[in-house]
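Notes for the one structure printed next.
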Amino acid sequence: MDEITEIYNKLGGIISEDDFRKKVEEKVEQMSGLCDVKTAAMLVAHDLGVTDTAKEVIKIKDINPEIGNVNFVAKVVSVFDVREFNRNDGTIGKVGNLMVADDTGSIRLTLWDERADLIKNGNIEVGDCMEISGYAKDGYSGTEVNIGRYGVINTTDQNIEIRLDSQKISEIRDGMGDINVSGKLLDISDVRTFQKKDGSQGRVGNILIGDETGKIRVTLWDEKVDSTKEMKLDDTIEIINGYARTNNFSQQVEIQIGNHGVLRKTDAEVEYKESFTPIADIIPGESYSIEGSVSGLGELREFDRDDGTTNMVSNIYVSDDTGRIRIALWGDHALLVDELDIDTPIQIIDAYSKAGFNDEIELSAGNRTRITIM
DNA sequence: CCCCCCCC
């Protein structure tokens with residue numbers, strides 16, 4: 001790329017490259033040969049309102065409101081919807097946001113008007129690498145970079161490594177947005193379909209992830225459920241731009257991944273260690289993992305549910321140093337009863353406790369439960 | 001926006 005094109009690219013297409021080159025030639029003549037072509041191009045850019053074409057390219061971690069104009073390269077990690085609003089002068093304004101990252105961190109971009117159209121028209125997608133020139137200011141959640149009429153946001157062929165500031169699972173609270181988190185993949189649910197309010201068909205699925213601080217259920221909507229196709233248990237995965245909501249049924253906080261979220265495999269190392277509850281400490285109404293050995297085996301039974309479908313259940317007992325508990329194994333888990341022997345070491349992970357038959361506490365091992373025979 | 005902890 002020659003020097004003129006390089007400077008032209010920082011103009012964000014406000015005039016055509018041919019017109020820009022003509023203006024540069026005029027400028028060289030005007031200056032009676034006192035400046036070189038590059039300087040002339042910078043002067044023309046300045047005349048057009050772009051004042052920072054000579055500025056150094058900096059890293060995201062160094063961007064702060066005191067710097068003002070910044071040039072940097074970054075990869076798009078989230079794209080948000082464009083909103084329109086009415087200006088006091090009666091015109092309609094447009095504003096859109098992107099989250100971008102480089103190898104030092106991530107930052108939010110605010111694109112105005114015709115720059116926001118780049119988002120609206122689908123010209124900017126997650127994963128694109130961009131050259132960015134804009135104005136750093138204190139925004140609504142820390143420093144952000146504004147890109148208006150004289151700002152620049154162009155795709156570049158450079159491949160940019162990214163590092164995202166990520167949360168730990170134990171820090172995730174109801175209502176949080178922009179959640180980036182990594183974890184080990186502990187479980188993948190079946191995909192369910194459902195009817196949306198508008199009559200169209202929706203798809204929903206769940207995964208469970210864990211890190212060294214805990215585990216959390218993740219809900220994936222519509223096409224996001226497909227991101228799990230390439231994944232297998234124990235992979236490390238990362239979530240970019242999820243949001244957290246309390247599940248109405250379980251009252252547990254979950255991460256949701258909708259239109260603007262990303263779920264993908266990563267090479268990062270994440271530690272996860274299951275924590276097991278002593279059987280004596282189990283109280284009703286919670287999810288537990290226990291570790292012990294089989295101390296009783298019941299019969300496999302089929303039964304009809306109220307809705308007419310049939311299901312299977314079997315009961316086993318598990319003991320540890322602190323006590324003994326009955327486990328109801330539902331669905332496919334029920335078949336395990338035929339493979340188990342007394343004293344087989346076993347782990348029951350994420351089973352739900354309740355007061356069962358004779359008001360004794362028991363665990364239900366349903367489709368969210370994993371069972372490991374050691 | 002969905003699953004919904006079921007048996008004897």
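None of these values were measured; they are calculated from a predicted model. Sequence lines set the chain letters: A, B, ... in the order given, protein chains first and strands last, and positions in each chain run from 1.
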Item to check | Between dC8(B) (C1') and W330(A) (CH2): distance, integer Å | outcome: 9 Å
Checklist entry - Rounded to whole angstrom units, what separation is found between the CD atom of Q195(A) and the P atom of dC3(B)? => result 12 Å
Checklist entry - If you look at every strand shown and take non-hydrogen atoms under 4.0 Å, does R326(A) touch a base, only sugar-phosphate, or nothing? => result base
Next on the checklist: Counting distance alone, no hydrogens or angles: does the base of dC1(B) have a donor or acceptor under 3.5 Å from a partner atom on the side chain of R203(A)?
Outcome noted: no
Checklist entry - Any idea which heavy atoms bring N180(A) and N241(A) closest together, and the distance? => result OD1-N, 3.0 Å
Checklist outcome for this item: Atom CD of E299(A) and atom C1' of dC7(B) are separated, to the nearest Å, by 13 Å
Checklist entry - Expressed in angstrom and rounded to an integer, what is the separation of D187(A) atom CG from dC3(B) atom P? => result 18 Å
Next on the checklist: Can you identify which nucleotide, out of dC2(B), dC8(B), dC5(B), has its nearest atom closest to the F357(A) side chain?
Outcome noted: dC8(B)
Checklist entry - Could a donor-acceptor pair under 3.5 angstrom be found where the side chain of R192(A) meets the base of dC1(B)? => result no
Checklist entry - For R305(A) and dC8(B), what is the distance between atoms CZ and P respectively, to the nearest whole Å? => result 13 Å
Checklist entry - Which hydrophobic side chains are connected to I92(A), either touching it within the sub-4.5 Å cutoff or through other members that do? => result none
Checklist entry - Reckon E362(A) touches a base, only the sugar-phosphate, or nothing at all at heavy-atom distances under 4.0 Å? => result base
Item to check | Between C1' of dC5(B) and CD of Q252(A), the distance in whole Å | outcome: 13 Å
Next on the checklist: Within the 4.0 Å heavy-atom criterion, would you say N315(A) contacts the bases, only the backbone, or no part of the nucleic acid?
Outcome noted: base
Next on the checklist: Looking only at the side chain of R368(A) (C-beta and beyond, no hydrogens), which of the listed nucleotides dC8(B), dC1(B), dC5(B) gets closest?
Outcome noted: dC5(B)
Next on the checklist: What's the closest nucleotide to the side chain of F303(A) if the choices are dC7(B), dC3(B), dC2(B)?
Outcome noted: dC7(B)
Checklist entry - Who passes side-chain hydrogen bond (donor to acceptor under 3.5 Å, both in side chains) against S170(A), sequence neighbours left out? => result T213(A)
Item to check | Donor-acceptor pair, side chain of D320(A) and main chain of I279(A), under 3.5 angstrom | outcome: yes
Checklist outcome for this item: The nucleotide from dC3(B), dC1(B), dC8(B) with an atom nearest the side chain of K196(A) is dC1(B)
Item to check | Under 5.5 Å and under 30°: W221(A) stacked on dC1(B) | outcome: yes
Checklist entry - In whole angstroms, how far is the P atom of dC1(B) from the CG atom of L220(A)? => result 15 Å
Checklist entry - Below 3.5 Å, does any donor atom in the side chain of Q201(A) face an acceptor in the base of dC1(B), or the other way round? => result no
Item to check | Closest nucleotide among dC2(B), dC7(B), dC1(B) to the N247(A) side chain | outcome: dC2(B)
Next on the checklist: What is the separation between atom CZ on F194(A) and atom C1' on dC3(B), rounded to the nearest whole Å?
Outcome noted: 11 Å
Item to check | R21(A) and T5(A): CA distance, side-chain angles, deciding distance, side-chain hydrogen bond (donor to acceptor under 3.5 Å, both in side chains) verdict | outcome: CA-CA 9 Å; R21(A) 285 180 178 276; T5(A) 307; 2.9 Å; yes
